[in-house]
Amino acid sequence: MEAYLPDKHKCHTLFGGTHVIQTRRSYDSRTLAVVVRTGFQTSKGRMVRSILYPKPFNFKFYWDSVKFILALILVAGIGFVYSLIVLNVSLYNAGGSVLRAFDVITIAVPPALPAALTVGTVYALRRLRMHQIYCISPQRVNLCGKIKLVCFDKTGTLTEDGMDIRGVMPASKGSISPIIDDPSTLPLCPLLQGMASCHSLTLI
């Protein structure tokens, strides 16, 4: 008996929201179905989970920031060691030498650098909120500054299984006509015939 594979046996798979209108019995036995996925394991559940718990995004800006801070720490470490050696040669006491050496680290690595980045993100979120735009992931603000094109899916993807038509735009002789809100007002043409016949009918 062949094992069930979701990708291979799509024609034998019922997805959430499907209405079964007819089944056929085999030798007076009831038609049975096996639930293979529930909750977040379904296609719609995976979509909802990706919205609620987005995957971490490795933005190039963060990697460059980490490299920059590591370079500053390396320079500060070299300056720290050099300051200790020079101050010890100058017959400075041990406590004073360590404190003066830590001054080099404070100068090389600004303590307010993370706070400055956070303040910039908070200010950007506040400006977005003024335009009724709410962000659930502040880490994406820096990424959105690089976006030049946004494509949206149809509305109602998670709540409806159909699509409402806004209108039609007939094309003839290489030009597109203005949008027609009511397709029933179209004259008899291939577009109207196609819209009237592109439906599948099943006789029960």
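Values reported hereafter were calculated over all heavy atoms of this structure, with side chains retained and with hydrogens, waters and symmetry mates removed.
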Are Phe68 and Ile73 connected in the hydrophobic side-chain network, where two residues link if heavy atoms are under 4.5 Å apart? yes

Test item: Val86 and Ser83 side chains (from C-beta on) under 4.5 Å apart, heavy atoms: no

For the hydrophobic clusters of this structure (ILVMFWY residues joined by side-chain heavy atoms under 4.5 Å, transitively), does one cluster hold both Val75 and Val81? no

At what distance, to the nearest 0.5 angstrom, does CG of Leu84 lie from OH of Tyr82? 12.0 Å

Closest non-hydrogen atom pair between Gly45 and Thr42, with its separation: N-OG1, 3.0 Å

Is the backbone of Phe40 close enough, under 3.5 Å, to the side chain of Arg46 for a donor and an acceptor to pair up by distance? no

CG on Leu186 to CD on Gln193, rounded to 0.5 Å: 11.5 Å

Does Ile176 CD1 have over 12 foreign heavy atoms under 6.0 Å away? no

Of all the heavy-atom pairs spanning Pro170 and Pro178, show the shortest one and how long it is. CD-O, 4.2 Å

Neighbour count >12 (heavy atoms, 6.0 Å) for atom CZ, Arg49: yes

Heavy-atom closest pair (Leu125 atom, Cys135 atom, distance to 0.1 Å) is CD2-CB, 3.6 Å

For the CZ atom of Phe80 and the CD1 atom of Ile85, what is their distance to the nearest 0.5 Å? 11.0 Å

